Amino acid sequence: MSKEFATRAENYSEWYNHIVTKADLAEHAAVKGCMVIKPYGYSIWEKMQQALDQMFKDTGHENAYFPLLIPKSFFSKEASHVEGFAKECAVVTHYRLKNGPDGTVIVDEEAKLAEELIIRPTSETIIWNTYKGWIQSYRDLPLLINQWANVVRWEMRTRLFLRTAEFLWQEGHTAHATSQEAIEETERMLGVYADFAENWMAVPVIKGKKTANERFAGALDTYCIEAMMQDGKALQAGTSHFLGQNFAKAFDVKFTSKEGKQDYVWATSWGVSTRLMGALVMAHSDDQGLVLPPKLAPFQVVIVPIYKTEEDLLKINAKVEEIRKSLISKGIRVKYDNRDTQRPGWKFAEYEFKGVPLRIAIGPKDMENGTVEVARRDTREKEVLQMVDLDNKIEHLLSQIQDNLFQKALSFRDQNIRRVDTYDEFKKTLNENPGFILAHWDGTAETEQKIKEETKATIRCIPLQAEERDVKPGICIYSGKPSERRVLFSLAY
RNA sequence: CGGGGUGUAGCGUAGCCCGGUUAGCGCGCCAGCAUGGGGUGCUGGAGGUCGGAGGUUCGAAUCCUCUCACCCCGACCA
């Protein structure tokens with residue numbers, strides 16, 4: 001393990017890169033901008049998927065799968081949608097290779113596709129093209145579908161998990177009979193994301209609505225959850241879009257209502273991606289490495305034996321087997337590492353770096369005293385516990401760690417949300433105390449754009465839940481014009 | 001995609017400006033012995049042709065050209 005490990009204060013982005021690569025979450029692939037998600041990292045992603053998938057099912061959704069390749073013509077059907085994605089699409093133009101003159105493989109120019117195919121940057125078009133055949137009557141509605149998939153967006157500047165050319169995500173695509181119902185769905189799924197972020201990832205989020213500038217291409221409204229990273233920057237952790245009838249019109253998806261009238265259906269789409277992995281790392285980890293919330297940790301407890309003789313080890317093995325069984329019966333994920341090839345201290349450091357929430361060490365002294373040493377990753381505290389009732393104690397500790405991580409992140413965030421009333425103050429705050437800023441804005445795209453150009457800060461969202469004092473009228477920090485309420489500004493990932 | 005930087009063994013690096021012995025070091029790896037409650041010590045050993053291609057030269061990690069990847073800044077974006 002690297003001992004020349006950058007701290008957050010020294011170099012935040014280097015620190016992030018080191019955690020991701022050295023904790024075995026992911027590494028760069030041979031393809032530019034793409035990553036290999038390694039087993040340890042993928043295991044965390046699987047935990048996320050499982051939790052989210054259950055939440056989607058619990059809210060009535062079903063999974064399906066749509067193609068990776070989308071006919072180019074589909075993209076031109078919704079004007080703002082094309083515009084939003086045109087610059088970052090990978091295009092498939094041929095379907096065959098052949099041997100070149102010098103023995104290399106070349107594209108067979110004769111095998112040109114009649115219509116080029118786009119590797120999906122998102123699936124609205126292919127899905128709505130399909131929905132046309134599925135929806136005729138109000139009885140077919142609502143249609144509540146989710147898909148787990150990969151998408152490709154040809155990014156100019158990439159970072160592991162935060163922005164890669166290919167990433168994994170889920171995209172929900174629903175169709176409804178009324179606008180009202182679709183808006184409710186949009187809000188419901190935003191709620192699911194917030195719930196997941198806070199209760200599984202232990203990352204507090206602010207729910208809000210995007211301004212027109214930041215809205216998804218093709219949406220009437222985009223809702224989001226915004227999380228604060230330890231450097232004070234915002235990370236959009238999930239989005240939920242109310243698409244109105246834009247895609248229904250573009251793909252001619254109509255239904256007959258109870259009253260026998262024809263109308264276009266109302267749509268939503270919503271998604272979270274492997275970017276959540278980046279959020280997870282940047283929300284909790286410290287200068288000793290990764291810190292994982294118990295609910296998403298591939299293993300929640302690691303047990304390390306300490307012994308001199310083979311005889312000691314055998315005794316410990318037997319004892320640990322009891323402990324392991326009792327923990328497993330509580331649904332706790334346990335790893336027992338009794339490899340003789342690494343020493344205890346090495347293992348301690350290793351599992352700390354990988355963010356395992358709890359470590360149990362058990363040696364001859366413990367065997368004599370009926371105790372174990374338990375170390376928490378979040379606080380780095382150690383205590384000696386009686387083995388009696390250990391499973392309950394561990395279960396309790398894990399839930400404490402989960403809570404503690406959330407509380408820590410929450411108080412960090414709240415300490416770094418500031419209200420400012422002048423542009424000078426705004427710039428000064430961005431400079432000296434990076435974090436979220438609640439400030440008045442006149443509601444125009446021009447002002448938003450100007451502020452962005454001059455300070456790099458953007459309006460992350462118009463919070464859905466705000467304190468009384470933040471929804472009172474005021475004066476725009478930039479233009480001096482009247483403002484209805486404060487909105488949330490920040491530098492962002 | 002524009003500007004700047006980096007690329008030497010699995011990782012971290014020295015050497016490069018001022019071309020010239022088998023490219024050095026630390027960690028890790030392998031073997032043995034000792035050790036064993038926070039990255040164990042000693043001894044011995046293996047591993048790199050210097051991101052890739054081309055060029056200059058008697059000779060290139062070192063100079064030149066092109067290219068690829070990564071990092072930082074900018075534009076764009078989840």
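Quick caveat, the model's predicted, so the values are computed rather than measured. Every chain is numbered from 1 and lettered A, B, ... according to where its sequence line falls, protein lines coming before strand lines.
Of all nucleotides listed (B:C11, B:A78, B:G39), B:C11 comes nearest to the side chain of A:Lys22. Counting only heavy atoms from C-beta on, A:Trp346 has its side chain closest to B:G39 among B:G36, B:C73, B:G39. Comparing atom distances between the A:Glu155 side chain and each of B:C71, B:G37, B:C77 picks out B:C77 as nearest. If you check B:G74, B:G38, B:A78 against the side chain of A:Arg157, the one that comes closest is B:G74. Counting only heavy atoms from C-beta on, A:Arg159 has its side chain closest to B:C72 among B:C72, B:C77, B:G37. Among the nucleotides B:A69, B:A78, B:G38, the one closest to the side chain of A:Arg359 is B:G38. When distances run from any side-chain atom of A:Ala349 to the nucleotides B:C1, B:G38, B:A78, the shortest one goes to B:G38. Of all nucleotides listed (B:G74, B:G37, B:G38), B:G37 comes nearest to the side chain of A:Asp366.
Note that A:Arg153 lies in the cation-pi zone of A:Trp169, set by a 6.0 Å cut-off to the ring centre and a 45° limit from the axis. Taking the ring centre of A:Phe85 as origin, the terminal cationic atom of A:Lys87 falls outside the region bounded by 6.0 Å and 45° from the ring axis. Cation-pi contact between A:Arg413 and A:Phe436: absent, since separation from the ring centre below 6.0 Å together with deviation from the ring axis within 45° is not met.
For A:His81 and A:Phe216, the ring centers are positioned less than 6.0 Å apart. Note: A:Trp270 and A:Phe56 meet the aromatic proximity criterion, with ring centroids under 6.0 Å apart.
Regarding contacts with the backbone of B:A34, every side-chain N or O of A:Lys308 stays at 4.0 angstrom or more from both OP1 and OP2. Distances shown here put a side-chain N or O of A:Arg343 below 4.0 Å from the OP1 or OP2 atom of B:U40. Residue A:His18 places no side-chain N or O under 4.0 Å from the OP1 or OP2 atom of B:C11. Close to B:C72, at under 4.0 Å from its OP1 or OP2, lies a side-chain N or O of A:Ser13.
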5'-to-3' dot-bracket of RNA chain B (Watson-Crick, G-U; under 3.5 angstrom; crossing pairs as [ ]; | other strand): ((((((((.[[[[.)....(...]]]].((((((.....)))))).....[[[[[..)....]]]]])))))))....
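Summary of the strand contacts: A:Val372 and A:Asn17 both lie near RNA chain B, and taking for each the nucleotide with the nearest heavy atom, the more 5' one is attributed to A:Val372.
Counted within 6.0 Å of CD on A:Glu83, heavy atoms from surrounding residues, nucleotides or ligands total 12 or fewer; the atom is thus considered open.
The stretch residues 373-385 of chain A touches RNA chain B through A:Glu373, A:Lys382, each having a heavy atom within less than 4.0 Å of the strand.
A:Glu27 is listed as a side-chain neighbour of A:Lys38, based on a closest heavy-atom distance under 4.5 Å.
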